[in-house]
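One structure below.
Scope of the values below: all heavy atoms of this structure, side chains included, with no hydrogens, waters or symmetry mates. Keep in mind that what you see is a predicted model, and the values were worked out from it rather than measured. All residue numbers in this chain count up from 1 along the given sequence.
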Amino acid sequence: MSVPYAEVIGDPIAQSKSPVIHGFWLENLGLEGRYDRAHVKADELADYLVARRGDPDWRGCNVTMPHKQAVIPLLDRLDPLAARIGAVNTIVSEDGALVGYNTDAPGFLEPLREDLAQTHYFRMARVLGTGGAARAIIAALADEHAVIVLAGRNVDKARGLLDELDPQGEHHVAPLDHFAGATDFAFDDREGCFDLVVNASSLGMSGQALLAFDMSHAPPGSVFYDIVTSPLETDFLKAARAGGFRTVDGLSMLIGQADHAFRKFFGAVPLRGEADVELRERLLA
């Protein structure tokens, strides 16, 4: 008997944690369905989508590196947020049409929702990295009225990203190494402010160079957020916690973006809250 299914595609794909997340929710909700991995190379992308388009059981797929931009011309239409970000991480089959979404942006914001529900007279986010992941993060933070300081090795690329994603915003750029050394900047009173420091790069990931960030650049009360998932406890987050700062790890964004995708694939709301504890244990097993 056929069952509805979704999957994650990428090259490589063996490392993806998405099957564990979606499988956990399907199991907990008692839903009939499955979630698979599919190793799809760049030259196989078009054929893959043609084949899946004709499969009545296929509900869609998540898209990981390196296909988030390459899939766009192969789709029938884009959700406005995905079009603005210029990257798709979720494809949904809707009445025979392939529709591209970006759930990375709302997924990134999910663990910050309580903070963002408050009224602030000033919000500032220091975002480190100008790669693909930064696009969704910049768009998400701009929509939450944060002033962004985008740091990259190439400040012209950083400025270009800000101008493309939020041309009306009053944002700033800085070289990445600006944050590596100490500063004696005297931060003003942060009462009523929300300060965020985000590692949106792969620095600190297993096999990558460490992210050099001196804690003197973080205003009091800052929240530190690292999108890296391997290791989950990065040196960046360890240093922040040792400095008394609140931290958010990469699984938060991963689970958050999967939540939005799951609803589109299976038409159901995943179990969250207390269930997240068990889900995290599975992901770390």
Side-chain angles (χ1 to χ4, degrees), residues 1-40 44-45 48-65 67-68 71 75-76 78-79 81-82 87-111 113 133 136 227-230 232 248-285:
M1 189 179 73
S2 62
V3 297
Y5 75 99
E7 57 197 339
V8 58
I9 65 169
D11 179 23
I13 199 58
Q15 81 292 348
S16 175
K17 300 182 189 319
S18 293
V20 175
I21 299 172
H22 289 266
F24 176 82
W25 289 333
L26 286 167
E27 175 189 321
N28 271 261
L29 291 169
L31 288 180
E32 192 174 52
R34 69 176 203 273
Y35 187 99
D36 306 324
R37 286 184 187 88
H39 185 195
V40 178
E44 300 167 340
L45 202 51
Y48 163 83
L49 288 172
V50 167
R52 290 298 190 269
R53 187 192 285 271
D55 185 342
D57 296 322
W58 186 76
R59 297 294 179 264
C61 65
N62 286 120
V63 183
T64 188
M65 297 300 290
H67 304 321
K68 289 187 179 187
V71 295
L75 304 178
D76 297 308
L78 294 184
D79 174 75
L81 179 62
V88 163
N89 79 320
T90 303
I91 300 171
V92 182
S93 177
E94 297 179 4
D95 299 322
L98 299 184
V99 185
Y101 292 91
N102 189 301
T103 68
D104 283 333
F108 169 79
L109 291 175
E110 190 192 86
R113 278 294 168 207
I227 69 166
V228 168
T229 57
S230 178
L232 193 59
V248 179
D249 65 35
L251 279 189
S252 300
M253 178 175 175
L254 188 69
I255 295 169
Q257 64 81 24
D259 180 316
H260 289 269
F262 185 87
R263 295 170 191 237
K264 295 182 185 303
F265 296 148
F266 299 108
V269 178
L271 290 176
R272 303 295 307 279
E274 287 298 313
D276 280 6
V277 177
E278 185 183 347
L279 174 55
R280 280 176 165 267
E281 288 172 357
R282 287 204 191 183
L283 288 166
L284 295 171

Within a 6.0 Å radius of atom CD on Q15, are there more than 12 heavy atoms belonging to other residues, nucleotides or ligands?
yes

Are D249 and R280 close enough for a salt bridge, meaning some N to O gap below 4.0 Å?
yes

Atom CG in D36, atom SG in C61: separation rounded to 0.5 Å?
11.5 Å

Spacing of CZ belonging to F266 relative to CD belonging to E32, to within rounding of 0.5 Å:
11.0 Å

With R59 as the cation and F265 as the aromatic partner, state whether NZ or CZ is under 6.0 Å from the six-membered ring centre and within 45° of the axis.
no

Tightest non-hydrogen contact, residues P106 and L81, listed as CD-CD2, 4.2 Å

Reported CZ-to-CD1 distance for the pair F108 and I227, which is rounded to 0.5 angstrom
8.5 Å

Student check: side-chain heavy atoms of I91 and L49 closer than 4.5 Å:
yes

What side-chain donor-acceptor pairs closer than 3.5 Å can you find for residues 254-263, not counting sequence neighbours?
| unit_1 | atom_1 | unit_2 | atom_2 | d |
| --- | --- | --- | --- | --- |
| Q257 | OE1 | N89 | ND2 | 3.2 |
| Q257 | OE1 | T103 | OG1 | 3.2 |
| Q257 | NE2 | L254 | O | 3.1 |
| D259 | OD1 | R263 | NE | 2.5 |
| D259 | OD1 | R263 | NH2 | 3.2 |
| D259 | OD2 | R272 | NH1 | 2.7 |

Would you say the side chain of L45 lies within less than 4.5 Å of the side chain of I9, judging by non-hydrogen atoms?
yes

Is the closest side-chain heavy-atom distance between H22 and N62 below 4.5 Å?
yes

Is there side-chain contact between Y35 and I21, with heavy atoms separated by less than 4.5 Å?
no

Identify, with sequence neighbours excluded, every residue that meets side chain to side chain contact (heavy atoms under 4.5 Å, CB included) alongside R282.
V20, F24, E27, E278

Which pair of heavy atoms, one from R53 and one from A97, lies closest together, and at what distance?
NH1-CA, 4.4 Å

Who are the salt bridge (Lys or Arg N to Asp or Glu O under 4.0 Å) partners of R52, not counting sequence neighbours?
E7

One should read off an interatomic distance between N102 CG and T90 OG1, to the nearest 0.5 angstrom, of 7.5 Å

Side chains of K68 and D104: closer than 4.5 Å at any heavy-atom pair?
yes

First locate atom CG of D57, then atom OG of S2, and finally report the distance between them rounded to the nearest 0.5 Å.
3.5 Å

Are side-chain heavy atoms of L98 and V71 found at a separation under 4.5 Å?
no

Taking all non-hydrogen atoms of both residues, which atom of G10 and which atom of H67 are closest, and how far apart?
CA-CD2, 3.8 Å

Between G96 and S93, what is the shortest heavy-atom contact and its length?
N-OG, 4.4 Å

Take the angle between the ring planes of Y48 and W58 and call it parallel below 30°, perpendicular above 60°, tilted in between.
perpendicular

From CG (L284) to OG (S230), nearest 0.5 Å:
10.0 Å

Which heavy atom in V40 sits nearest to a heavy atom in D11, and how many Å separate them?
O-CB, 3.5 Å

Any idea which heavy atoms bring G54 and P56 closest together, and the distance?
O-CD, 3.4 Å

